[in-house]
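Just so you know, these numbers come straight off a predicted model, no measurement behind them. In this chain, residues are counted from 1 in sequence order. Every number for a ligand or one of its atoms is a count from 1 in the order of the listing.
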Amino acid sequence: MTNKVRNLVVVLGDQLNLDSAAFDHFDKSRDLVWMAEVRAESTNVWSHKARIAVFLSAMRHFRKELEKKKFPFIYRQLNDMANSGSLAGELDLAIHEHEPVKLIVVQPGEWRVLDDIQRVCSNAGIPLQVLADRHFYTTLDEFNQHAAGRKQLRMEFFYREVRRRTGILMQDGKPVGGKWNYDAENRGAFSKAGPQDIPQPHPFKPDAITRAVLKLVEETFPDHPGELSDFDWPVTPRQAKKALHDFVGNRLADFGDYQDAMWTEQPFLYHSRLSAAMNLKILDPRDVVHAAIEAFENGEAPLAAVEGFVRQIIGWREYVRGVYWAYMPGYLERNSMSASQDLPEFYWSGKTEMTCLSDAIGQTLKYGYAHHIQRLMVTGLYALLLGVDPKQVHQWYLAVYVDAVEWVELPNTLGMSQYADGGVMASKPYVATGKYIKRMSNYCRNCPFDPAKATGDDACPFTTLYWDYLQRHKKVLSQNTRMALQVKNLDRKKPAELAEIRKRAEELRGSYAAKPD
Ligand code: FAD
Ligand code: SF4
């Protein structure tokens, strides 16, 4: 190949799909694929070792595919001597070396990355073509049309629109089974005996490529959080499909009933563990949705479970992406409840007496995984009630989960869990006392605190902080009709008890150290 290329086709670490628009008009004699592993993408937030490893391993397996299919490519490894350490630096070098006529990229998963690429191209004076990401069911234009003119966005209305447009779980223009949503049937808890004999997810033993990556990550990022000894995530399309069929065949039928339940030392329960594979684009959400619907049609899974699962993918997953791109870059700076507390250091170690938090954080550090309710109603709820600066909460979530990419992480964290976007994602803050956690888990059984108590030495910190949160934000919350009952209950409390709660909440806030820089 001569030095001069026609198109430099950028493939980012979360765009590992040969069917993507980036390859539509690829000419192997004139175009060049560009990929780079760079340090900055693992250090801009203090990334969990497993998160770094998932990306690098999946990228290296994708490189093998490029080799097999004889694509011309540049692939910069993390440990290459001349690696500049940043995407912008590496891209700039490649542009100067190969002088492409044009740069092509599919819409990235992070605003910052798109901004970097645009700046590099503009400085180099070459045109950039940003292509729509066909991985998703909804284009960004379709989302913006949905949002236009609405006073308030709500996932449910968007979800129904996607169902109508795609025909998923629809019959004769009506929802299959007569109801749009089986959410009310998705809130079961386990009996006292706990979950019994849940088929464990199929593990993917690291192959030579993954083993090399695990070693590299340990050596390059020794002080980063998290462990690698249990690393078994799918990192190729074949493994991702296997993980999908393992889930559909073994756990989907009970997904609905126990979607919100939690149990000590049961990190995965009936969840699919497919988010990382989908977010890397090694798994097509259409394959996931079709497999779930097929299980329903074959009588292998009930409608409530299948609708509940499909809603997460064609509803929530698509919706949060629309919100992200509609509101960025300003969204990142939102802090509607003026929260300013530092994130307690125990979020990085799991070392706390609170069983629910130590379990949810402990499994996060072990696997890079926690399921939705652990993220929303344990780690997220505690940060919200404590009044932690939402940007610090966001940086933690972006760092510690193997599925974390900003387009999906940020609206979930800043919007859904911290209510920092002023109600774009959620119509009210997701706040509750420790009694919610008691109802949905066995955590409180082995905890020194009592979820029913807001004051006293054994008061549950969630419960204390819940009443404190309502007091601190009463003015704003009183204007929200969906919070009326909770505010009314606050008004029933005696002034002396409220003063005691405020005192204990202040003590709690003062008792936490932040992670040293
Ligand atoms: P399952 O419970 O099996 O659900 C099936 C699929 O539905 C998931 O794989 C996922 O793709 C999708 N899904 C479910 N809930 C959501 C949601 N709220 N938003 C978008 N997609 C959803 N998900 C991420 O993929 N990356 C993140 O960085 C991320 N950060 C989160 C941060 C917070 C504070 C919260 C509350 C949620 C976050 N989520 C994130 C959403 C959700 O928690 C994860 O998608 C889910 O836990 C992944 O596990 P699973 O694959 O076993 O999911
Ligand atoms: Fe968590 Fe409170 Fe229950 Fe302890 S008592 S596990 S802190 S909710």
Side-chain angles (χ1 to χ4, degrees), residues 14 51 109 155 186 201 233 243-244 247 251-252 255-256 258-260 262 264 267-280 283 285 288-289 292 308-321 323-324 352-360 368-384 390 393-394 396-418 425-426 430 432-453 458-466:
D14 62 342
R51 175 175 183 248
M155 196 290 289
N186 294 159
W233 294 99
L244 166 63
F247 164 70
R251 291 180 301 284
L252 172 63
F255 173 87
Y258 300 116
Q259 199 176 325
D260 288 1
M262 302 175 276
T264 325
F268 309 120
L269 294 167
Y270 292 101
H271 292 272
S272 69
R273 298 206 328 161
L274 294 173
S275 48
M278 278 191 276
N279 297 349
L280 292 166
L283 184 62
V288 179
V289 167
F309 181 71
V310 165
R311 186 181 347 119
Q312 308 308 316
I313 293 167
I314 66 167
W316 280 113
R317 189 166 183 269
E318 300 277 327
Y319 181 74
V320 298
R321 177 171 179 261
V323 167
Y324 179 79
T352 164
E353 279 180 291
M354 292 177 270
T355 314
C356 53
L357 280 160
S358 85
D359 192 81
Y369 179 88
H371 69 69
H372 187 68
I373 290 301
Q374 292 175 306
R375 297 188 205 195
L376 184 66
M377 297 307 286
V378 179
T379 43
L381 175 61
Y382 201 67
L384 171 68
V393 186
H394 147 64
W396 184 78
Y397 278 98
L398 189 60
V400 297
Y401 291 110
V402 290
D403 56 27
V405 187
E406 199 174 88
W407 65 265
V408 52
E409 176 277 329
L410 186 66
N412 269 302
T413 303
L414 197 125
M416 193 190 293
S417 104
Q418 301 302 298
M425 275 291 290
Y430 281 91
T433 67
K435 284 200 253 178
Y436 171 83
I437 294 173
K438 183 177 179 207
R439 195 164 65 247
M440 299 311 297
S441 75
N442 67 339
Y443 290 144
C444 303
R445 276 192 218 167
N446 301 313
C447 185
F449 303 111
D450 181 345
K453 289 191 182 166
D458 62 346
C460 166
F462 280 84
T463 306
T464 309
L465 290 169
Y466 166 83

Quiz item: What are the two closest non-hydrogen atoms of Thr355 and Asn446, and how far apart are they?
Solution: OG1-O, 3.1 Å
Quiz item: Does Phe268 approach ligand 1 within less than 4.0 angstrom via side chain, backbone, both or neither, non-hydrogen atoms only?
Solution: neither
Exercise. Quick one: look at Gln259 and ligand 1, take heavy-atom pairs under 4.0 Å, and tell me if it's side chain, backbone, both or neither.
Key: neither
Quiz prompt | Ala370 and ligand 1 - part of the residue with a heavy-atom distance under 4.0 Å | solution = backbone
Self-check item: Arg375 bridged to Asp403 by N-O distance under 4.0 Å
Solution: yes
Quiz item: Counting each atom of ligand 1 from 1 as listed, which ones have a heavy atom of Met278 under 4.0 Å away?
Solution: 9 (O), 11 (O)
Quiz item: Heavy-atom distance under 4.5 Å between the side chains of Met377 and Phe462, does that happen here?
Solution: no
Quiz item: What protein N/O/S atoms lie closer than 2.8 Å to atom 3 (Fe) of ligand 2?
Solution: Cys444 SG
Quiz item: Would a line drawn from the ring center of Tyr369 to the ring center of Tyr401 be shorter than 6.0 Å?
Solution: no
Quiz prompt | Leu398, portion touching ligand 1 at heavy-atom distance under 4.0 Å | solution = neither
Quiz prompt | Location of contacts on Tyr369 toward ligand 1, heavy atoms closer than 4.0 Å | solution = side chain
Self-check item: Residue list, side chain to side chain contact (heavy atoms under 4.5 Å, CB included) with Gln312, at least two apart or on another chain
Solution: Phe255, Gln259, Trp316
